[in-house]
Amino acid sequence: MPIAYLHKRCGLKDIAISWVMSFFGNLAGMLFFMAIIVGYGGVFSTGAYKDEAIKFAVAKAVTPHWHQIFLKAIGANWLVCLAVFMAASSREISSKILAIWWPIMCFVGLGLDHVIANMFLVPIGIFNGAPFGVGYYIWKSMIPALLGNTIGGGLFVGVVYWYLYMTGDEAVSPDFDKPNSLHGTESTADEMAGPNGDHKGYAEKAA
């Protein structure tokens with residue numbers, strides 16, 4: 001969305017609608033899966049499973065400071081969005097799978113904080129008796145993770161790669177029904193000579 005906004009393909013209202021729908025849609029799905037499938041299904045309700053669910057929630061929401069969760073969240077979505085960019089830059093399915101595996105493996109292995117992943121990991125701990133409530137989770141984990149993820153993905157991937165691949169051309173209006181001036185009806189990704197684009201061909205047409 002930041003790339004689309006910077007390239008004048010959407011407005012702030014569109015970003016707000018997309019982010020709000022995405023956030024609460026993911027929250028609803030995660031809470032449904034956590035409570036109905038895993039919680040009432042008794043997946044983590046006994047023995048070591050229950051203990052680990054509680055310990056993991058405490059390690060995610062209680063042990064680290066607010067700023068630590070925020071900083072780890074920057075790294076988390078930086079890697080997640082880098083995986084998306086690398087997959088979009090790849091052509092074959094095998095290349096896309098390989099491209100996304102490394103950043104996601106690093107994000108999970110380092111224990112970084114992603115607000116969507118934590119929507120399952122922390123609430124399942126609360127469900128099983130973690131020593132804190134929903135309000136604490138929202139303030140101490142969800143908010144810093146959300147802010148950090150926004151910066152990590154929007155700034156360090158979105159803005160950076162927009163500047164590298166999609167600048168240098170006159171701004172265009174966000175009208176998806178009109179053919180663009182350079183390539184007829186091709187998509188925005190092809191229009192601006194991105195990682196798979198024809199930089200030479202684009203430069204010639206722009207000239």
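Heavy-atom basis, side chains included; hydrogens, waters and symmetry copies ignored. Start at 1 with the first residue, then count along the sequence.
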(request) Could you tell me whether the side chain of Ser22 reaches within less than 4.5 Å of the side chain of Asn26, counting heavy atoms only? (result) yes
(request) Measure across Ile126 and Gly133 and return the closest heavy-atom pair with its distance rounded to 0.1 Å. (result) CD1-O, 4.0 Å
(message) Between Asp113 and Lys60, is there a side-chain heavy-atom distance shorter than 4.5 Å?
(response) yes
(message) Does Tyr165 form a side-chain contact (heavy atoms from CB on, under 4.5 Å) with Ile3? I'd like the steps, not just the answer.
(response) CA-CA 10 Å; Tyr165 290 107; Ile3 292 177; over 6 Å; no
(message) Quick one, Leu112 and Trp78 - any side-chain contact, counting heavy atoms below 4.5 Å?
(response) no
(request) Kindly give the heavy-atom pair with the smallest separation between Pro2 and Gly154, and that separation in Å. (result) CG-CA, 3.8 Å
(message) Less than 6.0 angstrom separating the ring centers of Tyr137 and Phe132, yes or no?
(response) no
(request) Taking all heavy atoms of Val122 and all of Ser141, pick out the closest pair and write down the distance. (result) CG2-OG, 4.2 Å
(request) Take Val80 and Ile104, measure what side-chain contact (heavy atoms from CB on, under 4.5 Å) needs, and give me the verdict at the end. (result) CA-CA 6 Å; Val80 169; Ile104 300 301; 4.0 Å; yes
(message) Minimum heavy-atom separation for Ala53 and Phe44, please, with both atom names.
(response) CB-CD1, 4.3 Å
(message) For Ala73, is there any backbone N or O sitting under 3.5 Å from a side-chain donor or acceptor partner on Asn149?
(response) yes
(message) With side-chain contact (heavy atoms from CB on, under 4.5 Å) as the criterion, how do Met142 and Phe23 come out once you've worked through the C-alpha distance, each side chain's angles and the decisive distance to 0.1 Å?
(response) CA-CA 11 Å; Met142 183 179 284; Phe23 180 84; 3.6 Å; yes
(message) Strictly distance-based, threshold 3.5 Å: is any side-chain N or O of Ser95 a donor or acceptor partner for the main-chain N or O of Arg91?
(response) no
(message) I want to check something: taking the side chain as every heavy atom from C-beta on, are Val160 and Leu155 in contact at a cut-off of under 4.5 Å?
(response) no
(request) Quick one: closest heavy-atom pair of Lys50 and Ser45, and the distance? (result) CD-O, 3.5 Å
(message) Please say yes or no: joined through hydrophobic side-chain contacts below 4.5 Å, possibly via intermediate residues, are Phe107 and Ile100 part of one cluster?
(response) no
(request) For residues Met1 and Cys10, determine if any side-chain heavy atom of one lies less than 4.5 Å from a side-chain heavy atom of the other. (result) yes
(request) May I ask whether Ile17 and Ile15 are part of the same hydrophobic cluster, defined by side-chain heavy atoms of I, L, V, M, F, W, Y residues being less than 4.5 angstrom apart, directly or through others? (result) no
(message) So, taking the atom named OG1 in Thr63 and the one named CD1 in Ile69, what distance separates them when rounded to the nearest 0.5 Å?
(response) 9.0 Å
(message) Using a 3.5 Å distance criterion without hydrogens, assess whether the side chain of Ser90 forms a donor-acceptor pair with backbone atoms of Met86.
(response) yes
(request) Decide yes or no on side-chain contact (heavy atoms from CB on, under 4.5 Å) for Phe120 and Ile116, but give the supporting numbers first. (result) CA-CA 7 Å; Phe120 172 80; Ile116 304 302; over 6 Å; no
(message) Using side-chain heavy atoms (C-beta onward) and a distance below 4.5 Å, is Ile151 in contact with Phe156?
(response) yes
(request) Give a yes or no answer on whether the side chain of Asn77 reaches the backbone of Ile74 with a donor-acceptor pair at less than 3.5 Å. (result) no
(message) According to a hydrophobic-cluster definition based on side-chain heavy atoms being under 4.5 Å apart (Ile, Leu, Val, Met, Phe, Trp, Tyr only), do Phe32 and Phe24 belong together?
(response) yes
(request) Look up atom OH in Tyr49 and atom CD1 in Ile124, then write down how far apart they are to the nearest 0.5 Å. (result) 14.0 Å
(message) Test of understanding: clusters of I, L, V, M, F, W, Y form through side-chain heavy atoms closer than 4.5 Å, transitively. Do Leu79 and Val159 belong to the same one?
(response) no
(request) Answer yes or no: is there a side-chain heavy-atom contact under 4.5 Å between Leu121 and Asn118? (result) yes
(message) Using 0.5 Å steps for rounding, measure from the CG atom of Leu146 to the NE2 atom of His114.
(response) 10.0 Å
(request) Taking all heavy atoms of Ala61 and all of Lys140, pick out the closest pair and write down the distance. (result) O-CG, 2.7 Å
(message) Are Trp102 and Ile93 linked, directly or through intermediate hydrophobic residues, by side-chain heavy-atom contacts shorter than 4.5 Å (ILVMFWY only)?
(response) no
(message) Could you check whether any side-chain heavy atom of Pro123 comes within less than 4.5 Å of a side-chain heavy atom of Met30, counting everything from C-beta outward?
(response) no
(request) For the pair Tyr40 and Phe127, name the ring-plane relationship: parallel under 30°, tilted 30 to 60°, perpendicular over 60°. (result) perpendicular
(request) Nearest 0.5 Å please: distance from the CG atom of Leu12 over to the OH atom of Tyr5. (result) 4.0 Å
